[in-house]
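Accompanying notes for the structure given below.
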Amino acid sequence: MFIPLGLTLELRDPQMRDLGGWLDEAEALGLDFAELPLCEMPLIRGCRVIPERLAEVRAACAGRRLGWSVHGHLGINLMEEPFRIGLHLDLLKANIEVAAELGARHLVIHAGFAPAAQAAAIEAAYDRQRTHLAAMGDLARLHGVTLCVENIFEFEGKRVTALPGRLAAELAAIAHPHVAATFDLSHGWLHCQQHGVDFLAEAMALAPFARHLHLHDSFGRPDDFWTCTPIEALAFGIGDLHLPMGWGSVPWDALAARCAWPAGLMADLEIEPRHRPAHREAVAAARGWTAQLRQGA
């Protein structure tokens, strides 16, 4: 099956003056869409969309042959404590508005996370997430957007979040047509190594719920010891490195052989900016891999 391929833009200028150059590069690479990172775009203030800044982005995107997806703010957490959750929901509503205004099919948000605690507290946090995802799925449907919940991994040694199989079970329980998964394969590889569980079994569980993929590589080694710089982390091969496919140890061939994916899948390259010279290599690797994927029954 043909799977549209995109690129997450890595904006560094606070005034977004680098947006046009990134869009030019995405088109030159022959990509099908670009993923716009709200966490790097000053489009929202106090959970309210800033119309003039959104208009700037719309103007930059106008006339392009690219489609669009949007990566929401990383701090949105639908497993947050009840006294704080309203703020997260307000920001998510603004994210949905931006995605709709930009014509994006998918809004990527991170799976919820909670402090390490008793099992009852963790399960209560999952209950909250299911309730809020269902409600926000209704809002997303009204805007023509699908919420794609991205699996992450445990960080700071004390944040609990869903393994790929648990995220699959949560999405099955929600059973909302506008709430699906963004399967980040490298995040899953890293998270499963943190817990010593079978990554391929976890991947086979989540794949049927994925409408969006994040493609990058790592060695599946948690960054649970000190390094001085990102270059040192790269030398050790630890952490969430966002390497081009094939540079790490994600078992790409086994994933292609064993997982079944739904129709309408989109795949997005998330490559660390220091590896930007390897974009053409990354695009070729991703095109080759996605061509091997099989659709489920």
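Worth saying up front: this structure is predicted, and the values here are computed from it rather than measured.
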Would you say the side-chain atoms of [X] and [Y] include a donor-acceptor pair closer than 3.5 Å?
X: Asn95; Y: His73; result: yes
X: His216; Y: Asp184; result: yes
X: Glu101; Y: His143; result: no
X: Ser186; Y: Asp217; result: no
X: His88; Y: Asp90; result: no

Looking at [options], which one forms a side chain to side chain contact (heavy atoms under 4.5 Å, CB included) with [X]?
X: Ile44; options: Ile50, Leu54, Leu91; value: Leu91
X: Leu92; options: Leu78, Asn77, Leu133; value: Leu78
X: Glu35; options: Leu7, Val70, Thr8; value: Thr8

- Message: For Arg48, is the CZ atom crowded, meaning more than 12 foreign heavy atoms sit under 6.0 Å from it?
- Response: no
- Item | Residue pair His212, His71: steps toward the ring-ring contact (aromatic ring centres under 6.0 Å, His included) verdict | CA-CA 11 Å; His212 199 94; His71 199 310; 8.5 Å; no
- Classify the ring geometry between Trp252 and Trp289 as parallel (under 30°), tilted (30 to 60°) or perpendicular (over 60°). perpendicular
- Item | Aromatic plane relationship, Trp261 with Phe183 - under 30° parallel, 30 to 60° tilted, over 60° perpendicular | tilted
- Message: I need the minimum non-hydrogen distance between Phe113 and Ile152, along with the two atoms involved.
- Response: CD2-CD1, 4.0 Å
- Task: Please say whether the positively charged group of Arg65, taken as NZ for Lys or CZ for Arg, lies over the ring of Phe33, i.e. under 6.0 angstrom from the six-membered ring centre and within 45 degrees of the axis.
- Result: no
- Validate the cation-pi geometry between Arg12 and Trp22: distance from NZ or CZ to the six-membered ring centre under 6.0 Å, angle to the ring axis within 45°. no
- So which residues get pulled into Phe225's cluster when ILVMFWY side chains under 4.5 Å apart are joined, directly or through others? Phe236, Ile238
- Task: Using the rule that two of Ile, Leu, Val, Met, Phe, Trp, Tyr join whenever any of their side-chain heavy atoms come within less than 4.5 Å, decide whether Leu185 and Trp247 are in one cluster.
- Result: no
- Task: Show the numbers, then the answer: is there a salt bridge (charged side-chain N to carboxylate O under 4.0 Å, His left out) between Glu81 and Arg84?
- Result: CA-CA 6 Å; Glu81 295 291 341; Arg84 199 182 286 126; over 6 Å; no
- Message: I'd like to check Leu215 versus Glu270 (side-chain heavy atoms, cut-off strictly below 4.5 Å). Are they in contact?
- Response: no
- Query: How far apart are the C-alpha atoms of His187 and His191, what are their side-chain angles, what is the distance that settles it, and do they pass the ring-ring contact (aromatic ring centres under 6.0 Å, His included) test?
  - Reply: CA-CA 6 Å; His187 286 178; His191 197 186; 9.5 Å; no
